[in-house]
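In what follows, a single structure is set out as structure tokens and then discussed.
One-based numbering, in listed order, for ligands and for the atoms of each.
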Amino acid sequence: MSKHILILGGGYGGLLTAMTARQHLSADEAKITVVNRFATHQIITELHRLAVGGVSEQAVALPLDKLLKNYNVDLKIATVKEISPDQREVSLEDGTKLSYDYLVTALGSETAYFGIPGLEEHSFVLKSVNDANRLRAHVEACIAEYSKTKNKADGTIVVGGGGLTGIELVGEYADLMPSLCLKHGVDPKEISLYCVEAAPTVLPGFPAELVERAQSSLTKRGVTFVTGTPVTKMDATTVELKDGSKIETKTMVWTGGVQGNSVVANSGIEVNRGRALVNEFLQSTSHKDVFLAGDSAVVMGPEGRPYPPTAQLAWQMGEVVGVNLAVTIRGGAMESFVPVFSGTLGSLGRKDAIGTIGGNKTQLKGLPASLMKEASNVRYLSHIKGLFALAY
Ligand code: NAD
């Protein structure tokens, strides 16, 4: 009898699970449903570019119905409200209840606000195409307003958090400002761009030489770094820092961290700090009929430290989950998840980047890093388009 595989999330983990599972399982063996809150598969690693209009929306928001057209997948555009693993049931915000034989949760992560007063209400985030579009329109409106009023809060952009998300975004702003200011008749020197980081340096964990390179490249293009100084409070026009200083701004983009998805955290499956615990086959440690792909799970490395929540791991997890679902339904030995790290690359605007390959052994700066970063995006897109073409 046909089994029902229910996949929650159409991001890197969910899409690759669906595609891989269907390549191994016929429609008689499994019905596959994908639930996603957007109608598109979003290339979230490129959102910083969309936020400044450096890339078109079509390039980062790929219609899921087209991608899955040949895969015989039932696609539902809806938001997941609750998972009841003991009842094998999922409730959606629209009131629908879905039952399953096998569940895949690939719901990604959420922004962590760490209880900082005012932050969730007043800051922007960069987690979806809608967020990027909203931010682009807002920043342009602020610069237009600044040209008339010279109000400091309109002419100041703060990126809170100097991890890769924050650094990539502030790099885009540094490159955007000259042309945006020219368009609105503003002297770019009047505009302030801040990156505020709690740790002693930005990009904690990156080799010191690359941190230095990132800071000097961005400082030259007008970014002011405030390090060792956490954001502690925010209201509509002011960001407060731990040292008591205040920055007047209407644009605070919060990139200070991510946490597990609350739907997964509250589902009753076993979690560690809100992220689902998995065995080597990416099954929930508490519910063997639940598989996990991407940031809503935590995979421990050999030293007992969690692997970082990245797109490249979500993609790889999805492929392993797809194979393991097929094996579970058809019989055979499951695959263990062994992550392959192709490197970490971060852009510093349009023409500069930094990166490491092979742990921190090989360091890249400038054009080679920019080209590698571009290549990794092209590689992902050609991979999913290749899978699309391969489908039967
Ligand atoms: P992150 O957790 O990596 O960085 C958040 C930063 O915010 C940290 O440096 C932290 O010290 C800082 N911070 C926390 N609280 C703060 C406060 N109160 N005030 C000021 N700063 C504060 O988050 P991220 O950058 O969104 O990245 C999330 C994951 O995604 C990471 O694993 C990252 O490697 C990955 N990522 C990768 C890429 C890429 O490969 N190009 C791009 C973006 C994100």
Should [X] and [Y] count as an ion pair when the cut-off is N to O under 4.0 Å?
{"X": "Asp295", "Y": "Arg275", "answer": "no"}
{"X": "Arg37", "Y": "Glu93", "answer": "no"}
{"X": "Glu57", "Y": "Arg136", "answer": "no"}
{"X": "Asp352", "Y": "Arg213", "answer": "yes"}

Contact atoms of ligand 1, heavy-atom distance to [X] under 4.0 Å:
{"X": "Pro308", "result": "32 (O)"}
{"X": "Glu197", "result": "6 (C), 7 (O), 8 (C), 9 (O), 10 (C), 11 (O), 12 (C), 20 (C), 21 (N)"}
{"X": "Glu168", "result": "41 (N), 42 (C)"}
{"X": "Thr165", "result": "24 (P), 25 (O), 26 (O), 27 (O), 43 (C), 44 (C)"}
{"X": "Lys373", "result": "41 (N)"}
{"X": "Pro204", "result": "9 (O)"}
{"X": "Val196", "result": "20 (C), 21 (N)"}

Just let me know how [X] lines up against ligand 1, side chain, backbone, both or neither, with a heavy-atom cut-off below 4.0 Å.
{"X": "Thr255", "answer": "backbone"}
{"X": "Ile116", "answer": "side chain"}
{"X": "Trp254", "answer": "side chain"}
{"X": "Ser347", "answer": "neither"}
{"X": "Ala198", "answer": "both"}

Value rounded to 0.5 Å, distance of NE2 in His138 from OG1 in Thr251: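 Nearest 0.5 Å value for the NE2-OG1 distance: 3.0 Å.
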In terms of ring plane angle, is the pair His41 and Tyr12 parallel, tilted or perpendicular, where the classes change at 30° and 60°?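 His41 vs Tyr12 ring planes: perpendicular.
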Quick one: sort the His383 and Trp315 rings into parallel, tilted or perpendicular, breaks at 30° and 60°.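 Answer is tilted, since the angle falls between 30° and 60°.
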Have a look at Gly163, Pro309, Pro200 and point out the one with the heavy atom closest to atom 35 (C) of ligand 1.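 Nearest option to atom 35 (C) of ligand 1, by heavy atoms: Pro309.
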Could you check [atom] against the protein and tell me its nearest heavy-atom contact, residue, atom and distance included?
{"atom": "atom 33 (C) of ligand 1", "value": "Leu164 CD1, 4.4 Å"}
{"atom": "atom 2 (O) of ligand 1", "value": "Gly257 CA, 3.8 Å"}
{"atom": "atom 19 (N) of ligand 1", "value": "Val231 N, 2.8 Å"}
{"atom": "atom 14 (C) of ligand 1", "value": "Gly256 O, 3.1 Å"}
{"atom": "atom 39 (C) of ligand 1", "value": "Leu345 O, 3.5 Å"}

If we ignore angles and hydrogens, is there a donor and acceptor under 3.5 Å between the side chains of [X] and [Y]?
{"X": "Asp243", "Y": "Ser245", "value": "yes"}
{"X": "Lys152", "Y": "Ser192", "value": "yes"}
{"X": "Ser99", "Y": "His4", "value": "no"}

Which atoms form the tightest heavy-atom contact between Gly346 and Leu164, and what is the distance?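 The pair with the smallest heavy-atom distance is CA-CD2, 3.7 Å.
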For ligand 1, find out whether one of its N or O atoms is nearer than 3.5 Å to an N or O atom of Val258.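 No: no nitrogen or oxygen of Val258 is under 3.5 Å from one in ligand 1.
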Can you tell which of Thr156, Thr238, Asp154 makes a side-chain hydrogen bond (donor to acceptor under 3.5 Å, both in side chains) with Lys250?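 Answer after filtering Thr156, Thr238, Asp154: Asp154.
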Does ligand 1 have any atom sitting under 4.0 Å from a heavy atom of Gly160?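 Gly160 does not count as a contact of ligand 1 under the 4.0 Å cut-off.
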